Amino acid sequence: MNMPELPSPTNTANAGLDAADRSLVEGVTAGQLRPLAKTITLIESQREDHKLRAQRVLEALLPHTGKAMRVGISGVPGVGKSTFIEALGLYLIEQGLRIAVLAVDPSSSVTGGSILGDKTRMELLSQNPAAFIRPSPSACSLGGVAEKTRESMLVCEAAGFDVIIVETVGVGQSETAVAGMTDIFCLLQLPNAGDDLQAIKKGIMEIADLIVINKADIDPAAAMRARSQIKTALHMLRPASPNWTVPVLTLSALHNQGVTEFWTAVTDYRKALTASGEFAAKRQQQAMAWMWELIDSGLRSRFRNHPLVKQELPELARAVKEGSTTPSLAAQRLLGHL
Ligand code: GDP
């Protein structure tokens with residue numbers, strides 16, 4: 001049997017792009033914001049022809065990606081994410097960097113509305129030409145939202161943004177999704193006991209590379225207590241990297257205190273993991289995990305849409321419920337149609 005020829009990124013990069021898409025690619029790589037926003041809209045579109053175009057445009061942009069620092073930021077509503085991202089963003093712009101802010105918002109997949117990434121939440125940053133803020137797409141599932149955010153992140157990188165912040169609100173699954181697409185995952189905490197225990201319970205602290213106790217200005221002593229509690233808790237967890245001890249910083253986003261120290265910790269992290277080779281390895285693992293996720297979800301939807309599966313599923317489901325066939329036999333029979 002002849003094996004189909006594999007498309008190589010180099011020979012397909014600009015192939016199949018029509019004039020409109022070529023101009024999107026050129027605009028994005030020139031760092032222009034309008035083509036950037038248009039490309040992200042194309043990526044977020046649910047139309048089949050748009051999906052195809054989006055993939056072609058993305059493929060053409062891929063050689064221009066990979067240079068940014070990808071920073072995940074998470075925390076419960078009200079912890080101060082947008083205040084912090086605005087302070088951090090303005091600080092980075094002062095350092096001559098361009099910053100993009102994207103959101104993975106689980107609420108957007110449920111209600112179609114978004115509580116994150118809203119432009120009015122970061123007023124100064126959103127008016128700054130060195131910043132690009134994009135609210136969360138309202139896709140059908142968290143997986144869909146995460147996938148689109150991941151692709152939007154690549155487009156922002158191709159547009160030359162130096163730092164991409166992916167923000168999410170603390171509800172478990174979305175944090176894992178964001179940690180799976182960023183280089184460093186930062187957890188914002190409030191300076192009160194119990195809060196950190198919640199994070200441990202949900203397994204969030206395990207995936208954090210950096211922990212920040214915000215609002216330290218309100219009660220500095222409480223913030224220090226929370227810091228030592230969290231440090232003790234971290235000792236009980238297995239470190240993700242032998243070359244990195246998760247720092248716990250206290251910070252006041254509102255008063256712009258601790259932002260420099262935060263960024264120093266981020267750059268230290270990058271240096272340490274680059275030296276050990278883990279930085280590149282993590283990105284490779286993330287790309288593989290992403291591919292398998294897409295294969296899994298693609299297979300699932302192909303399966304559910306298969307005419308014979310659709311036809312037989314109700315009857316077999318009934319039989320399984322009644323106990324007249326086993327789940328295993330029913331699954332085998334349905335999978336046999338693929
Ligand atoms: P988000 O929901 O996590 O994005 O939180 P916001 O950034 O909207 O902040 C929620 C509230 O906390 C706002 O009223 C902020 O002004 C306030 N806030 C944020 N950071 C700080 C801080 O460092 N100190 C104090 N005292 N208030 C803060």
Side-chain angles (χ1 to χ4, degrees), residues 71-93 99-111 113-128 131-138 142 145 149 163-179 182 184-196 198-199 202 204-205 207-208 210-227 230 247-266:
V71 183
I73 291 183
S74 172
V76 294
V79 69
K81 292 180 294 302
S82 53
T83 312
F84 174 61
I85 293 170
E86 171 144 285
L88 175 66
L90 294 172
Y91 165 78
L92 294 174
I93 289 168
I99 166 167
V101 183
L102 306 171
V104 172
D105 185 350
S107 67
S108 75
S109 53
V110 179
T111 62
S114 171
I115 57 167
L116 286 180
D118 185 344
K119 283 192 180 187
T120 55
R121 292 170 69 236
M122 298 165 211
E123 225 165 298
L124 287 175
L125 196 61
S126 62
Q127 288 164 16
N128 196 303
F132 176 78
I133 301 178
R134 181 84 181 189
S136 185
S138 44
L142 175 61
V145 172
T149 306
V163 180
I164 320 279
I165 290 185
V166 185
E167 177 190 12
T168 195
V169 72
V171 289
Q173 267 187 324
S174 67
E175 282 134 322
T176 314
V178 171
T182 50
I184 182 165
F185 182 71
C186 310
L187 178 65
L188 259 63
Q189 295 270 86
L190 289 166
N192 52 28
D195 204 48
D196 48 325
Q198 283 296 315
K202 287 193 296 178
I204 304 306
M205 216 170 259
I207 57 171
L210 182 54
I211 296 176
V212 172
I213 299 162
N214 189 33
K215 306 198 186 186
D217 56 291
I218 296 176
D219 185 348
M224 289 313 284
R225 271 200 305 278
R227 182 170 180 262
I230 292 175
V248 185
L249 309 175
T250 56
L251 193 139
S252 169
L254 191 64
H255 301 291
N256 219 345
Q257 283 160 358
V259 176
T260 313
E261 290 78 359
F262 172 85
W263 192 247
T264 304
V266 172

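Note that the coordinates shown come from a computational prediction; the quantities given were computed from them, not determined experimentally. Counting starts at 1 for both ligands and their atoms, following the listed order.
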Would you tabulate the side-chain donor-acceptor contacts of residues 213-226 under 3.5 Å, counting partners in other chains and residues two or more places apart, or write 'none'?
residue	atom	partner	partner atom	Å
Asn214	OD1	Ala253	N	2.9
Asn214	ND2	Val79	O	2.8
Lys215	NZ	Gly78	O	2.8
Asp217	OD1	Ser252	OG	2.9
Asp217	OD2	His255	NE2	3.3
Asp219	OD1	Ala221	N	3.4
Asp219	OD1	Ala222	N	3.2

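Between the side chain of Thr168 and the backbone N or O of Gly72 there is no donor-acceptor pair closer than 3.5 Å.
The part of Val76 lying near ligand 1 is the backbone, judged by heavy-atom distances below 4.0 Å. Of all the heavy atoms of Ile218, the ones lying under 4.0 Å from any atom of ligand 1 belong exclusively to the side chain.
Near Asp217, with a cut-off below 4.0 Å to any heavy atom, the atoms of ligand 1 are 22 (C), 23 (O), 24 (N), 25 (C), 26 (N). Which parts of ligand 1 touch Thr83 is read off a 4.0 Å heavy-atom cut-off, strictly below it: atoms 6 (P), 7 (O), 9 (O), 15 (C), 19 (C), 20 (N). For ligand 1 and Lys81, the ligand atoms under 4.0 Å from any heavy atom of the residue are 1 (P), 2 (O), 3 (O), 4 (O), 5 (O), 7 (O). Residue Pro77 has at least one heavy-atom neighbour below 4.0 Å for each of these atoms of ligand 1: 2 (O).
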Between Gln189 and Val248, is a side chain to side chain contact (heavy atoms under 4.5 Å, CB included) present by the stated rule, with each step listed? CA-CA 10 Å; Gln189 295 270 86; Val248 185; over 6 Å; no

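Closest heavy-atom contact between Met122 and Glu86: C-OE1, 2.9 Å.
Using a 4.5 Å heavy-atom threshold, the side chains of Ile165 and Val163 count as touching. Using a 4.5 Å heavy-atom cutoff, the side chains of Leu251 and Glu261 are not in contact. When side chains are defined from C-beta on, Val71 counts as touching Trp263, because their heavy atoms get closer than 4.5 Å.
In terms of polar-atom proximity, Ser82 is counted as a contact of ligand 1, with an N or O under 3.5 Å from an N or O of the ligand. Between Ala216 and ligand 1, no pair of N/O atoms sits closer than 3.5 Å. Checked against a 3.5 angstrom limit, the closest N/O atoms of Ala253 and ligand 1 fall inside it. For ligand 1, one of its N or O atoms has an N or O atom of Leu254 under 3.5 Å away. The distance criterion of under 3.5 Å between nitrogen or oxygen atoms is not met by Leu251 with respect to ligand 1.
Ring pair Phe262/Phe84: centre-to-centre distance below 6.0 Å.
Ligand 1 is never approached by Gly75 to a heavy-atom distance shorter than 4.0 Å.
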